[in-house]
Amino acid sequence: MLNTGVDAALLSVGPDLPWLIGYAAMPLERLTMLVVPAAGQPTLVLPNFEVPRVVPRGDLFAIDGWDETDDPVERVAGLVNPKGTLAIGDHTWSRFLVALQQRMPASDWVDAGTVTGALRQIKDEAEIDALQRAADGVDRIAAELQGGQIPLIGQTEAQVAAHLSRRIKEEGHARVNFALVASGPNAASPHHEAGQRVIQPNEVVLCDFGGTTAEPEGMPGYCSDLTRCVYTGEPPAEFAEAYEALYDAQKRAVGAATVGTPCEDIDRAARDRLAEADLDQWFIHRTGHGIGVEGHEDPYLVAGNASPLQAGNAFSIEPGFYVDGKWGARIEDIVVATPDGARPLNRVDHRLAIVEA
Ligand code: ZN
Ligand code: ZN
Ligand code: ZN
């Protein structure tokens with residue numbers, strides 16, 4: 001904060017607050033806000049009746065509870081320099097930001113992500129362990145999918161998504177963040193929501209699922225995010241060849257993810273391989289996103305992002321191809337950049353499994 005001229009960070013709902021102190025703010029009209037001054041002790045301002053939910057850490061922050069008739073904006077304003085540069089968490093409700101700006105018209109406002117993004121994207125050992133546990137959980141589910149233990153043919157996408165969601169919870173996650181199931185032509189839409197379509201024999205089923213791990217009270221959860229495709233029968237040669245190129249492209253991008261490599265070069269590695277198979281026109285999204293307490297965070301593996309990968313970066317590598325009205329596929333792993341090269345956290349089979357159940 002001193003380096004970037006920020007006098008205080010104001011963190012409310014969103015991932016910054018649990019990442020710092022293990023407490024997630026209720027997304028409510030009642031304000032919860034951690035005030036972190038550049039120097040001095042942070043203070044957590046929150047409704048008095050929420051105080052029992054906080055694991056107190058007197059060494060880290062003070063607690064300032066407010067009653068129903070108090071004005072929490074006034075409390076926050078009293079803790080900062082009203083003419084200073086204030087960094088606001090990017091998930092904070094605009095009603096609070098507007099009220100704070102009206103109360104302190106001489107203040108300057110910046111996105112707290114400028115402070116926390118750079119810190120959060122470097123994972124320490126405990127964070128990588130949590131990401132590994134999250135990855136192991138969804139890997140086990142993908143193995144069941146590939147082994148035909150999750151019924152597909154004759155089920156609706158929504159039924160399969162419900163099955164995946166139940167398993168995500170059983171695998172040590174507190175929350176399911178998404179369970180995308182896209183069958184046949186629906187696989188051509190990268191973020192297709194599982195719907196009422198009934199899965200048929202002889203088509204692709206793309207499953208992209210993840211959640212946030214359950215951790216002890218006072219510790220933030222970490223995210224999983226995995227994509228695998230299966231085919232309900234023998235795939236046609238055209239699809240099998242395209243999948244082979246995708247398999248290679250994903251592998252190449254993982255191999256390119258070494259410390260010091262510009263993020264955009266990893267995207268380029270996947271894209272170039274798909275171009276060799278004339279599939280690059282169908283690869284319509286970036287190659288990956290950072291992951292941690294938030295499902296999508298820095299760094300982003302996308303053309304235009306020349307920032308070099310740093311040791312401790314954790315991110316997805318997820319090239320895909322999406323042919324309108326026909327089919328699609330994606331392979332996604334979470335990978336950590338280490339001084340010894342890319343370390344994939346997901347290790348479940350990357351080949352196209354044939355599932356006839
Ligand atoms: Zn996505
Ligand atoms: Zn995903
Ligand atoms: Zn992803």
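None of the values given here were measured: they were computed from a predicted structure. Sequence positions, counted from 1, serve as the residue numbers for this chain. Start at 1 and go down the list; that is how both ligands and their atoms are numbered.
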4.5 Å side-chain heavy-atom contact, Arg268 and Pro262: no
Among the N, O or S atoms of Asp225, the one nearest the Zn ion (ligand 3): OD2
Flag side-chain contact, heavy atom, 4.5 Å: Trp282 against Lys326: no
Atom name of the N, O or S atom in Glu318 that lies nearest to the Zn ion (ligand 3): OE2
Any N, O or S atom of His296 closer than 2.8 Å to the Zn ion (ligand 3): no
Heavy-atom side-chain contact between Met33 and Leu100 under 4.5 Å: yes
side-chain contact (heavy atoms from CB on, under 4.5 Å) partner of Ile141, chosen from Arg167, Gln146, His163: Arg167
Atom of Asp208 closest to the Zn ion (ligand 2), considering N, O or S atoms: OD1
For the Zn ion (ligand 2), the closest N/O/S atom belonging to Glu332: OE1
His191 ring center within less than 6.0 Å of Phe178 ring center: no
